[in-house]
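Numbers restart at 1 for each chain; the letters A, B, ... are given by sequence-line order, proteins then strands. Heavy atoms only: backbone and side chains are in, while hydrogens, waters and symmetry mates are out.
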Amino acid sequence: MARSLPKQRANAILLRLHHLYPDATCSLTYQSPVQLLVATILSAQCTDERVNLVTPALFAAYPDAATLAGCDRDHLETLIRSTGFYRNKAKHIQGACQKIVTEFNGQVPQRMEDLLTLPGVARKTANVVLAHAFGILQGVTVDTHVKRLSTRLGLTQQTDPVKIERDLMKLIPQPEWENWSIRLIYHGRAVCKARKPDCGHCAIADLCPAAGQ
DNA sequence: ATCCCGAGGG
DNA sequence: CCCTCTGGAT
């Protein structure tokens, strides 16, 4: 099975992970599209668990795009400091919110093309916001977990996230695109870890060419 | 390719 | 010490 057609294998993996993580959802906490956008920017090179540690105080102080656009940058940096890259993240969050206020009428845009004009937003962040805030499946979210697992599973030979996304969009049925990412992220955190993958306890080891290597 | 950057695990 | 965590800009 590990050597069968990639498309067959991708769907078998999806089915298996669906049973393994039936309730998997986006694990960031938020109450609006802007809050999801901010949380996703904060999640770069940082666990979602840590993001969820800082966002309650952050959103209590600055709940929407208008307040974030006008907030004190140093205070913003202080509130998000523990997520790392805090100067860049603060600049991106404030810049994105200012643009949302001035160019998008205070609302997070629902078009990929528009989202990509926001500072700190590339395809990964845009895909997360489109899928979870608006239910729009424009592409496949490719983060560090999706990249690592898709490579180990032999579903792509690419290293560029945009090319990996193209490969996955051909292998996975469109309605399952975000389910794929969410469940690979769960499996990547719990079992198929970057450092020491636990192939002995992996439910899809028989579908994986890299299992036990 | 390099930089941003803190926190936790091994 | 080194590596990794739902990346993006230069």
message: What's Phe85(A) touching, base or sugar-phosphate or nothing? Going by heavy atoms closer than 4.0 Å.
response: base
message: Can you check the distance between dC3(B) and dT6(C), where both ends of the measurement are the P atom (answer in whole Å)?
response: 24 Å
query: Charged N to carboxylate O under 4.0 angstrom, Arg111(A) versus Asp114(A)?
result: yes
- prompt: How about Thr156(A) and Asp167(A): does a side-chain donor come under 3.5 Å of a side-chain acceptor?
  reply: yes
field: Heavy-atom pair with the smallest gap, counting every atom of Ala190(A) and Tyr21(A)
entry: CB-OH, 4.2 Å
- prompt: Nearest to the side chain of Ser43(A), which nucleotide is it out of dC5(B), dG8(C), dT6(C)?
  reply: dT6(C)
task: Using atom CG of Leu130(A) as one end and atom C1' of dT6(C) as the other, report the distance to the nearest whole Å.
output: 16 Å
- prompt: Any side-chain N or O of Arg50(A) under 4.0 Å from OP1/OP2 of dG6(B)?
  reply: no
- prompt: Hey, are Asp206(A) and Arg16(A) close enough for a salt bridge, meaning a charged N less than 4.0 Å from a carboxylate O?
  reply: yes
field: dG7(C) OP1/OP2 closer than 4.0 Å to side-chain N/O of Arg123(A)
entry: no
- prompt: In terms of the nearest nucleotide of DNA chain C, which residue is placed more toward the 5' end: Leu116(A) or Cys46(A)?
  reply: Cys46(A)
- prompt: Between dC5(B) and dT4(C), how far is it from one C1' atom to the other, in whole Å?
  reply: 13 Å
- line: Per atom distances to the Arg81(A) side chain, the nearest of dA7(B), dG8(C), dG7(C) is dA7(B)
- prompt: Contact class for Thr125(A) (heavy atom, under 4.0 Å): base, sugar-phosphate, or nothing?
  reply: sugar-phosphate
task: Would you mind telling me which of dC5(C), dG7(C), dA7(B) lies closest to the side-chain atoms of Ala44(A)?
output: dG7(C)
query: Any side-chain N or O of Ser82(A) under 4.0 Å from OP1/OP2 of dG6(B)?
result: no
- prompt: For the pair made of CD1 in Ile41(A) and C1' in dG8(C), what is the distance, rounded to whole Å?
  reply: 10 Å
task: Could you tell me whether the side chain of Arg195(A) has a donor or acceptor atom within less than 3.5 Å of a complementary atom in the base of dC3(C)?
output: yes
query: Which pair of non-hydrogen atoms, one from Ser150(A) and one from Trp180(A), has the smallest distance, and what is that distance?
result: OG-NE1, 3.9 Å
Cation over ring face, Arg189(A) and Tyr186(A), 6.0 Å, 45°: yes
- prompt: For residues Thr55(A) and Gln35(A), is any side-chain donor paired with an opposing acceptor at under 3.5 Å?
  reply: no
- request: Classify the nucleic acid contact of Val121(A) as base, sugar-phosphate or nothing, counting any heavy atom under 4.0 Å across all strands shown.
  value: sugar-phosphate
query: Leu149(A) CG to dT6(C) P: how many Å, rounded?
result: 12 Å
field: Sugar-phosphate, base or nothing in reach of Thr83(A), heavy atoms under 4.0 Å
entry: nothing
field: Value in whole Å for how far the P atom of dG9(B) lies from CD of Gln45(A)
entry: 18 Å
query: More 5' along DNA chain C: Pro119(A) or Thr25(A), using each one's nearest nucleotide?
result: Thr25(A)
message: Rounded to whole Å, please give me the gap between CD in Glu165(A) and P in dG7(C).
response: 14 Å
query: Over how many whole Å does the gap from Leu42(A) atom CG to dC5(C) atom P extend?
result: 18 Å
Nucleotide dG6(B), atom P - distance to CZ of Arg87(A) in whole Å: 7 Å
query: dC3(C) C1' sits how many Å from Arg148(A) CZ, rounded?
result: 12 Å
statement: Taking dT6(C), dA9(C), dC5(C) as options, the one with an atom nearest any side-chain atom of Ala194(A) is dC5(C)
field: Touch class at under 4.0 angstrom, heavy-atom based, for Arg189(A) against every strand present
entry: base
task: Write down the distance separating the C1' atoms in dA9(C) and dA7(B), rounded off to the nearest Å.
output: 23 Å
field: Selection from dA9(C), dC5(B), dT6(C) that lies nearest to any side-chain heavy atom of Asn88(A)
entry: dC5(B)
